[in-house]
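Please read the structure below before turning to the comments.
Note that the coordinates shown come from a computational prediction; the quantities given were computed from them, not determined experimentally. Each chain gets a letter, A, B and so on, in the order its sequence line appears, and its residues count up from 1.
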Amino acid sequence: MEKTYDPKPIEDAWYQKWLSSGLFHADADSAKPSFSIVIPPPNVTGSLHMGHAFNNTFQDIMCRFKRMQGYNVLWLPGTDHAGIATQNVVERQLAKEGTSRHEMGREAFVERVWKWKQQYGETISSQQKKLGNSCDWDRERFTLDDGLSRAVRTVFVRLYKKGLIYKGKYIINWCSRCHTALSDIEVEHENENGRFYHVRYPFVGEEGSVVIATTRPETIYGDVAIAVHPRDEKNRHLVGKQVRVPLGGRVIPIIEDNMVDPEFGTGCVKITPAHDPNDFLVGQRHGLPQIQVIDGEGIMNANAPELENMPVAEARKKAAQLLGQSGSLVREEEIEHSVGHCYRCRTVVEPYLSEQWFVRTKPLAEAGIDAVRRGEIRFVPEQWEKTYYQWMENIRDWCISRQLWWGHRIPAWTCGECGHITVSEMDPTCCEKCGGTNIHQDEDVLDTWFSSALWPFSTLGWPDTTKELSAFYPTSLMVTGFDIIFFWVARMIMMGLEFMGREPFRDVYIHALIRDEVGQKMSKSKGNVIDPLDMIDRYGADALRLTLASLTVQGRDILLSPAKIETYRLFMNKLWNASRFALANLDDTERSWKEHIASLRMHDCWILKRTSEVAIETEKLLGGYFIGESARSLYDFVWGEVCDWYLELAKPALRGEEGGARRQASMAVVEYVFRHVLLSLHPFIPFVTEELWRNFGFTTSLIEENVWSIDPVDTPEQNDVKESMTVFQEIVRVLRNLRAEARIAPQQKVHRVFLQTSQQEIASLVTANRDLVELLVKAEEVSLSSAKPTGCLASSFAGGQAFLYVGDLLDIPNEISRLRTELESVEKDIATSTSKLNNEKFVSRAPREVVDQERTRLSESEAKRRRIRENIESLE
RNA sequence: GGGCGACUAGCUCAGUGGAAGAGCGCUUCCUUCACACGGAAGAGGUCACAGGUUCGAACCCCGUGUCGCCCA
């Protein structure tokens with residue numbers, strides 16, 4: 001074994017071995033209980049970013065843990081066709097080649113995207129393999145593959161027949177760059193500086209005018225009414241009057257509608273049904289016309305003659321100018337207002353009137369709410385239920401049609417003869433109503449999230465009845481970020497309940513976001529991206545995984561930096577070297593510590609007990625998805641207890657200095673410790689643990705099923721040693737501290753150490769372990785002493801006193817002042833304890849053990865004070 | 001406007017009622033036969049602020065402030 005751990009050759013080799021072993025493959029016929037996760041499918045255009053790495057690490061930890069426990073684990077991988085994103089990527093490519101999708105035509109374009117997919121679609125899965133994902137790659141799926149497309153069609157047709165999908169002309173969010181409709185949640189609102197234009201609309205046939213305020217004067221051409229609130233005292237008298245639109249000059253009525261906020265501005269608002277969602281509703285209620293003035297390109301049309309052919313931004317300025325010239329512009333003010341942007345390309349989204357397909361979500365959402373209420377689905381952490389309910393209770397219909405070419409084309413055919421729409425799973429040859437053959441399929445494709453919503457069952461073979469569905473649905477766990485609760489989680493729940501009659505997953509773990517070290521979202525434009533592959537290359541996948549796991553805290557974002565990953569890289573090296581040391585002291589014989597009970601010393605019993613406790617704790621924590629707590633406790637245990645204390649204490653015995661029986665016993669303990677440590681750590685850091693496991697010669701492989709077996713340590717001998725060990729550690733610390741005070745170089749041995757105690761247990765502890773105190777404090781001789789020795793530095797521990805002999809080197813004034821400092825701190829403790837115990841309420845109301853503990857503490861402190869005072873006196 | 005979260009050592013963060021913890025950084029010392037990617041020791045905190053509940057509060061409750069996010 002190398003002295004320094006090098007992850008690269010080990011990680012690559014083990015991943016290949018795992019793949020060829022076939023142990024990542026889940027057997028649908030297995031009799032074992034199943035544990036299943038479907039991966040959140042990354043965009044096929046994507047490459048692995050830190051968010052994926054975190055999300056996948058979490059799932060892999062759970063999958064490996066469950067597999068070790070003997071579950072039939074399915075972790076189903078796959079990718080999403082990502083309509084807009086993928087189409088954008090290929091379109092950019094075409095632009096570079098000097099062509100466009102419109103020039104190519106639909107069929108050629110779609111073919112081109114498929115070609116692109118074949119070429120680059122493997123990128124992300126190969127990166128997931130680098131991370132160590134134990135996915136069932138035989139079952140990898142793609143949202144546009146044949147099976148999933150069939151599921152999409154089936155769902156569409158059934159929802160349509162049930163009246164839950166409809167087509168209609170409504171105001172939707174339109175991205176004029178992507179050239180498609182977007183659903184409400186695909187719009188990101190941001191506060192931006194804008195201008196508020198106060199515009200005068202003169203009455204027709206009488207003097208006077210009303211003033212309304214708008215941020216969008218270019219839409220004035222589309223105004224069809226002015227509205228006031230029906231209970232608005234100051235404006236109610238206006239209702240029924242008519243005004244002239246200051247641009248275009250049409251005459252429009254003043255109406256009343258509850259939508260108007262009478263407190264806002266003048267209490268009068270313009271109604272532009274074709275370009276504002278609220279105005280659209282008002283227009284419907286009042287039977288008003290819809291006048292469209294902006295087209296799908298974001299360009300003004302002929303309904304705004306003076307602005308025709310201008311893009312919106314330019315038209316806005318021009319409109320303001322025209323209003324100014326005609327004296328209609330009362331004033332302008334700077335305001336901050338919320339502006340919607342396309343979540344894919346950041347273009348400002350226009351409310352746009354067009355014919356689209358929608359899912360009627362209310363009934364689906366109600367079932368989804370109930371499923372969570374009834375506890376069939378559990379959010380972890382629980383708080384996210386609130387977010388979910390809030391959205392589901394106020395859900396709006398889902399616009400599912402997209403004016404793209406890459407995606408599932410809507411299975412609806414309009415008849416050229418009778419206008420009837422035929423919706424069908426199989427491509428129809430004629431209109432189902434009139435039999436006419438002049439039918440034409442809808443040009444639009446479905447929202448990518450429509451197919452993602454089916455992912456937990458479409459990937460398992462639905463709509464067929466498959467073994468996979470009965471074995472793995474409902475899945476056990478969904479792991480995802482809070483940013484897609486609405487996009488994905490809620491919709492999977494609705495679709496799963498509707499089509500499978502069961503929830504798609506039992507638990508949904510919502511994790512935080514990964515940010516950079518100053519808390520900013522990572523983004524290419526900010527240049528603060530930490531590339532997981534780069535990190536794997538530099539520090540190894542294990543180090544990255546353990547970092548992500550350790551930094552996980554429920555409900556808090558993770559601030560990541562390479563320096564943090566480096567810290568965990570050091571842990572790999574520590575584990576590697578501790579193992580290297582252990583291996584150098586073991587042989588091929590298997591041993592059980594139980595056969596060597598008579599030869600076990602305190603520290604052996606202590607580490608056996610601790611190892612057992614930590615392994616059991618790991619099991620419990622992982623069962624509750626507490627991967628952060630679990631990772632941190634293992635890290636601390638391995639470094640702080642196994643390495644810092646146990647291995648140091650075991651060295652003499654392993655070298656044979658304590659005799660043959662002790663050597664055998666220590667070997668057995670070391671074996672036990674490493675077996676359990678490697679087992680517990682494997683879900684987090686599979687590569688290095690697997691390599692070490694093999695080096696130790698423990699069974700075959702850590703990914704074998706049922707390998708998780710904890711051999712609990714629960715005998716009385718082992719249970720009683722924790723306190724003794726604590727005393728022992730304190731004695732060692734106190735003496736090391738004295739060495740440092742005396743400026744004794746670390747490698748230099750001190751001659752004599754005296755320990756004084758009035759407690760029998762401590763005396764026998766010291767007697768039994770004096771060699772180990774000598775070892776750890778580098779002393780030639782440690783002895784119990786009842787008399788106060790001279791020429792010594794002194795310090796107290798709980799239950800006694802430690803003396804370090806320095807002879808003539810004793811700097812008396814310095815020692816006195818050091819003891820005085822120690823005395824001060826003890827006095828403080830005494831004061832605290834005394835005041836507590838003098839408080840009658842404390843004594844009567846606090847639990848007995850707390851009061852007892854306080855009494856013990858006080859008497860211990862008083863004993864300490866007495867000793868320190870004696871020491872000071874003896875020096876003065 | 002509504003909601004959620006955060007505020008603890010110089011930095012990043014653990015810590016859900018019983019005497020404040022880790023990693024990094026800092027100071028001092030050390031190449032001892034697992035590891036200098038290491039070891040030993042140390043300094044460093046009014047737990048944002050103000051009230052309250054409690055024998056006892058970083059922790060529970062109520063405000064205030066600052067920052068971040070989501071929804072409208």
Side-chain angles (χ1 to χ4, degrees), chain A residues 1-6 184-185 188-189 261 338 381 383-384 386-387 389-391 393-394 396 482-483 485-486 512-513 515 517-521 539 543 547 550-561 563-564 566-585 628-629 631-633 635-636 639-640 642-644 647-648 650-651 654-655 732-749 775-778 825 828-829 831-833 835-847 849-854 857-858 861:
Chain A
M1 283 172 80
E2 295 299 318
K3 189 171 162 182
T4 302
Y5 174 58
D6 179 13
D184 293 326
I185 52 176
E188 287 177 355
H189 293 271
D261 177 2
S338 169
Q383 48 160 355
W384 291 107
K386 253 192 210 169
T387 310
Y389 288 137
Q390 205 181 351
W391 189 71
E393 280 159 6
N394 299 297
R396 286 186 288 173
F482 61 80
D483 48 336
I485 291 179
F486 308 144
L513 256 40
R515 297 173 179 280
E517 54 194 316
V518 289
Q520 289 183 307
K521 243 179 163 170
Y539 306 114
T547 308
S550 301
L551 297 179
T552 299
V553 186
Q554 286 192 352
R556 190 153 159 161
D557 287 347
I558 294 178
L559 273 53
L560 191 69
S561 64
K564 286 183 179 170
E566 212 166 344
T567 304
Y568 292 91
R569 163 78 177 82
L570 300 182
F571 178 78
M572 300 307 143
N573 197 57
K574 187 73 179 177
L575 179 67
W576 180 259
N577 275 293
S579 303
R580 205 160 64 93
F581 168 76
L583 284 162
N585 287 286
E629 286 83 345
R632 289 189 292 269
S633 102
Y635 179 103
D636 291 341
W639 203 310
V642 176
C643 293
D644 288 350
L647 292 182
E648 291 306 319
K651 278 177 180 175
L654 289 170
R655 280 196 292 258
V732 170
R733 265 190 218 109
V734 155
L735 284 165
R736 281 174 169 172
N737 183 304
L738 290 180
R739 284 184 61 113
E741 288 292 342
R743 305 199 161 273
I744 298 166
Q747 80 282 20
Q748 192 191 331
K749 275 205 166 190
L775 175 75
L776 293 190
V777 304
K778 292 216 165 54
S825 114
K828 231 179 255 172
D829 295 344
T832 310
S833 295
S835 82
K836 270 193 184 181
L837 288 165
N838 285 346
N839 182 343
E840 197 203 315
K841 283 181 177 167
F842 171 74
V843 179
S844 61
R845 296 195 193 176
E849 60 271 23
V850 174
V851 178
D852 285 349
Q853 187 192 329
E854 203 55 51
R857 197 177 276 160
L858 177 61
S861 297

Using the C1' atom on both, measure B/U28 against B/A43 and round to a whole Å. 11 Å
Per the atom types in the model, does the base of B/A19 pair as donor or acceptor with the side chain of A/Lys836 at under 3.5 Å? no
Test log, rule side-chain contact (heavy atoms from CB on, under 4.5 Å), inputs A/Leu775 and A/Glu648: CA-CA 9 Å; A/Leu775 175 75; A/Glu648 291 306 319; 5.6 Å; no
No-H, no-angle donor-acceptor pair, A/Glu648 side chain to B/A34 base, under 3.5 Å: yes
Side-chain atoms of A/Lys574 come closest, of B/C69, B/C35, B/U31, to B/C35
Check whether the side chain of A/Arg739 and the base of B/A40 form a donor-acceptor pair under 3.5 Å. no
Mind checking the C1' distance from B/A6 to B/G18? Whole angstroms is fine. 26 Å
Show your working on side-chain contact (heavy atoms from CB on, under 4.5 Å) between A/Ile558 and A/Thr552 and close with a plain yes or no. CA-CA 7 Å; A/Ile558 294 178; A/Thr552 299; 4.0 Å; yes
Tell me, please, whether A/Phe581 has A/Lys651 positioned over its six-membered ring: NZ or CZ under 6.0 Å from the ring centre and within 45 degrees of its axis? yes
Gap in Å between the two C1' atoms, one belonging to B/A20 and one to B/G44, rounded: 13 Å
Step through it carefully: locate the ring centre of A/Tyr568, locate the ring centre of A/Tyr539, and say whether they are under 6.0 Å apart. no
When the P atoms of B/U46 and B/A50 are compared, how many Å lie between them, rounded to an integer? 13 Å
Gap in Å between the two C1' atoms, one belonging to B/G56 and one to B/C67, rounded: 32 Å
Report each atom pair, protein N/O against N/O of nucleotides 20-22 of chain B, whose distance is under 3.5 angstrom.
none

So what does the secondary structure string of RNA chain B come out as, 5' to 3', with Watson-Crick or wobble pairs under 3.5 angstrom, [ ] for crossing and | for pairs with another strand? ((((((((.[[[[.)..(..]]]].(((((.......))))).....[[.[[..)....]].]]))))))).
5'-most by nearest nucleotide on RNA chain B - A/Arg743 or A/Tyr5: A/Arg743
